[in-house]
Amino acid sequence: MPVYKAPVNDTLFVLNDVLGLERYNNLPGFADATPDMIEAILGEAGRVAEEALFPLNYSGDQQGCARHDDASVSTPKGFKEAYKAYREGGWIGLAVPEEFGGQGLPYTLHTAVGEYTSAANMSLMMYPGLTQGAIAALLVHGSDEQKATYLPKMVDGTWSGTMNLTEPHCGTDLGMLRTKAVPQADGSYKISGQKIFISAGEHDLTDNIIHLVLARIEGAPEGTKGISLFIVPKFLVGKDGAAGARNAVSCGAIEHKMGIHANATCVMNYDEATGFLIGAENRGLNAMFVMMNEARLMVGLQGIAISEIAYQNAASYARDRIQGRSLSGPKAPDKKADPIIVHPDIRRTLMTIRAFNEAGRAFLLWTALKSDIAHRASDEQERQTADDILGLVTPILKGVMTDKGFDHAVMAQQVFGGHGYIEEHGMSQYVRDARIAMIYEGANGIQALDLVGRKLALNGGRAAMALFKEIGDFCEENRSNDKLSFFTKHLKKGLNDAQGATMWFMQNAMAKPDNAGAGSTDYMHLFGLVILGYMWAKMAKAAEDGLASGDAAREDYLKNKLVTARFFMERLMPETALRKARIEAGAHTMMELAAEAF
């Protein structure tokens with residue numbers, strides 16, 4: 001059966017040694033997040049993940065959700081109790097402002113906790129995860145009355161939230177949506193239409209479900225300019241704040257999916273359901289993008305989480321499974337064979353996943369810190385710079401982390417050989433669950449197009465230039481440090497490839513946009529490699545500083561960190577040159593065949 005141990009020490013290393021979270025005590029909520037408190041919170045989050053959530057992951061996948069004749073949905077056995085424990089622990093409101101019942105702690109800390117819980121039980125954690133996205137949208141775009149009505153019970157987890165975008169004929173191109181909203185005399189709207197692929201659309205974990213629904217008001221412009229966002233509660237809320245009459249929204253079916261079986265992915269039918277406008281008419285995408293961007297970061301987190309738990313299980317199996325003898329002579333002469341972890345190709349697999357996981361975790365937390373600065377800093381320029389970089393890296397984080405998360409789940413499954421294909425070992429579930437993260441919240445090809453087609457040139461390329469400068473300055477500042485020159489040399493080469501590819505787009509994509517589309521996925525991964533390399537260079541510096549300070553208690557840990565950093569630079573970082581070569585090949589052969597030739 002599978003195993004999981006929350007990587008608390010590794011998270012603490014990133015937060016304390018690499019990011020220096022204490023340096024941000026001037027930001028609201030950070031002063032309360034002392035090192036001792038952070039360690040206690042992460043320790044407790046790890047315990048909840050390991051003891052309350054993880055034991056239900058396999059059984060939840062096997063049982064799945066069930067829809068009943070009355071259109072209600074039941075979650076797998078044990079989910080209600082586990083969700084109740086999670087809710088009562090205050091985890092949903094960890095980073096939500098205190099005025100709405102949250103704890104006001106850093107989003108960075110919330111993100112760290114999210115990795116553990118998603119790794120332990122991705123399907124279960126999608127229910128509160130969608131709620132947190134809905135909370136974010138309401139915090140920014142909801143009226144004072146809407147915030148007072150919905151947020152406290154969503155923050156304490158007695159109510160949950162969803163987002164409803166996709167329709168049978170309309171996925172990424174939201175301008176095609178048909179769900180309509182008809183204004184009523186009392187200021188509400190009647191919402192009619194069908195939405196599909198709605199995660200956590202119906203379930204038995206909470207007393208009410210607050211759906212955020214995109215629809216077009218009658219007479220509104222066609223396309224995305226005519227879309228509005230509405231609150232459509234499962235149960236209408238009375239003046240006393242309590243859930244009352246059942247609204248005309250129901251689950252028509254549960255999608256039969258490849259993975260995340262324990263999350264109810266629903267077809268939702270709106271039959272003149274009562275809805276309430278969020279923000280201004282025809283500005284629904286602005287409000288929904290708050291939720292979508294939050295969701296994209298959380299999906300990137302899922303990529304890391306699945307990669308981590310898959311790695312842990314593969315490493316455990318490789319230490320125990322005996323097959324063949326080491327190429328350099330027996331390592332377990334008392335046994336009939338050596339454990340497979342002695343074989344270089346098994347180690348290649350494990351080191352590849354490990355090097356990605358550790359850098360990916362740092363990338364995730366570094367990005368979350370940018371979000372905290374963008375939303376909490378008092379200095380306008382500091383907020384702007386952080387927000388620029390946050391916008392730039394969000395599609396990279398979502399796309400690269402989930403592409404690699406799936407790849408690594410498959411690689412970890414391969415370590416098990418035939419046992420990896422058998423359900424009871426759990427590896428096939430990680431492969432199946434990881435696959436959806438590449439698709440939802442904008443398929444990864446769309447993330448790459450968003451990066452190249454929109455984010456890269458935004459504000460005259462201000463964000464990319466700022467990030468390139470930050471990485472370049474780090475290389476220059478540490479170039480003469482003998483202990484770091486190996487890392488900065490490789491990082492600078494990758495940075496040069498990224499800058500060269502960016503320049504190629506500037507010179508070749510304006511006149512021929514297909515060049516941008518043809519190279520977008522390679523560019524996203526090239527940029528991702530450079531950021532991951534930057535994280536490794538920063539971690540190597542922190543490890544060398546720790547060793548120089550005589551940190552005997554962590555000596556082995558820090559030395560292992562440096563070995564993994566060197567592996568990343570030697571084995572994974574050179575891929576930037578391959579990605580750049582593909583980009584510069586352009587779109588000609590890709591677009592030359594006629595459609596009917598495929």
Discussion item. Can you tell me how far apart CG (Leu390) and CD1 (Ile373) are? Round to the nearest 0.5 Å.
Written reply: 10.0 Å

Worksheet item: Any side-chain heavy-atom pair from Ile135 and Tyr150 closer than 4.5 angstrom?
Response: no

Worksheet item: With side chains defined as the heavy atoms from C-beta onward, is the minimum distance between Lys541 and Lys538 less than 4.5 Å?
Response: no

Worksheet item: Below 4.5 Å, heavy atoms only, C-beta onward: do Ile531 and Leu467 meet side chain to side chain?
Response: yes

Item to complete: Would you please test Met37 and Leu109 for side-chain contact (heavy atoms from CB on, under 4.5 Å) and show each step?
Response: CA-CA 11 Å; Met37 176 181 278; Leu109 185 56; 5.9 Å; no

Worksheet item: Do the non-hydrogen side-chain atoms of His408 and Tyr311 ever get within less than 4.5 Å of each other?
Response: no

Fill in: Derivation of the side-chain contact (heavy atoms from CB on, under 4.5 Å) call for Met125 and Asn263
CA-CA 9 Å; Met125 293 317 299; Asn263 190 270; over 6 Å; no

Tell me which donor-acceptor pairs under 3.5 Å the side chains of residues 91-102 have, and how far apart each pair is, sequence neighbours excluded?
none

Discussion item. Once ring pair (Phe, Tyr, Trp, His ring centres under 6.0 Å) is applied, what residue pairs with a partner in residues 102-135 remain, sequence neighbours excluded?
Written reply: Tyr107-His110, Tyr127-His203

Practice prompt. Quick one: which residue pairs count as a ring pair (Phe, Tyr, Trp, His ring centres under 6.0 Å) with a foot in residues 15-52, not counting sequence neighbours?
Written response: none

Item to complete: Hey, can you tell me if Tyr534 and Trp366 have their rings parallel, tilted or perpendicular (30° and 60° cut-offs)?
Response: perpendicular

Worksheet item: Would a 4.5 Å heavy-atom cut-off, applied to side chains only, mark Leu19 and Val14 as touching?
Response: yes

Worksheet entry | Check: Gly442 main-chain N/O paired with Lys398 side-chain donor or acceptor under 3.5 Å | yes

Worksheet item: Would you say Leu42 and Val113 make side-chain contact, with heavy atoms under 4.5 Å?
Response: yes

Worksheet entry | Heavy-atom side-chain proximity of Leu301 to Leu297 below 4.5 angstrom | no

Fill in: Working for side-chain contact (heavy atoms from CB on, under 4.5 Å), residues Leu130 and Met291
CA-CA 9 Å; Leu130 269 295; Met291 190 173 185; 4.3 Å; yes

Worksheet, complete the sentence: For Arg383 and Ala374, the nearest pair of non-hydrogen atoms, with its separation, is CD-O, 3.4 Å

Fill in: Any donor-acceptor pair under 3.5 Å from Asp156 side chain to Thr158 backbone
yes

Worksheet item: Relative to the ring of Tyr523, is the ring of Phe527 parallel (under 30°), tilted (30 to 60°) or perpendicular (over 60°)?
Response: perpendicular

Worksheet item: Do the rings of Phe568 and Trp536 sit parallel, tilted or perpendicular, given the 30° and 60° boundaries?
Response: tilted

Worksheet entry | Pairwise distance OG1(Thr367) to CE(Met535) - rounded to 0.5 angstrom | 7.0 Å

Worksheet item: So does Lys370 pair up with Glu470, basic N to acidic O under 4.0 Å?
Response: yes

Fill in: Criterion salt bridge (Lys or Arg N to Asp or Glu O under 4.0 Å) on Arg361 and Glu115, from CA distance to verdict
CA-CA 9 Å; Arg361 181 172 299 113; Glu115 184 208 330; 2.8 Å; yes

Fill in: Test item: Lys455 and Ile396 side chains (from C-beta on) under 4.5 Å apart, heavy atoms
no

Item to complete: Output the distance between atom CG (Leu451) and atom CD1 (Ile446), rounded to the nearest 0.5 Å.
Response: 12.5 Å

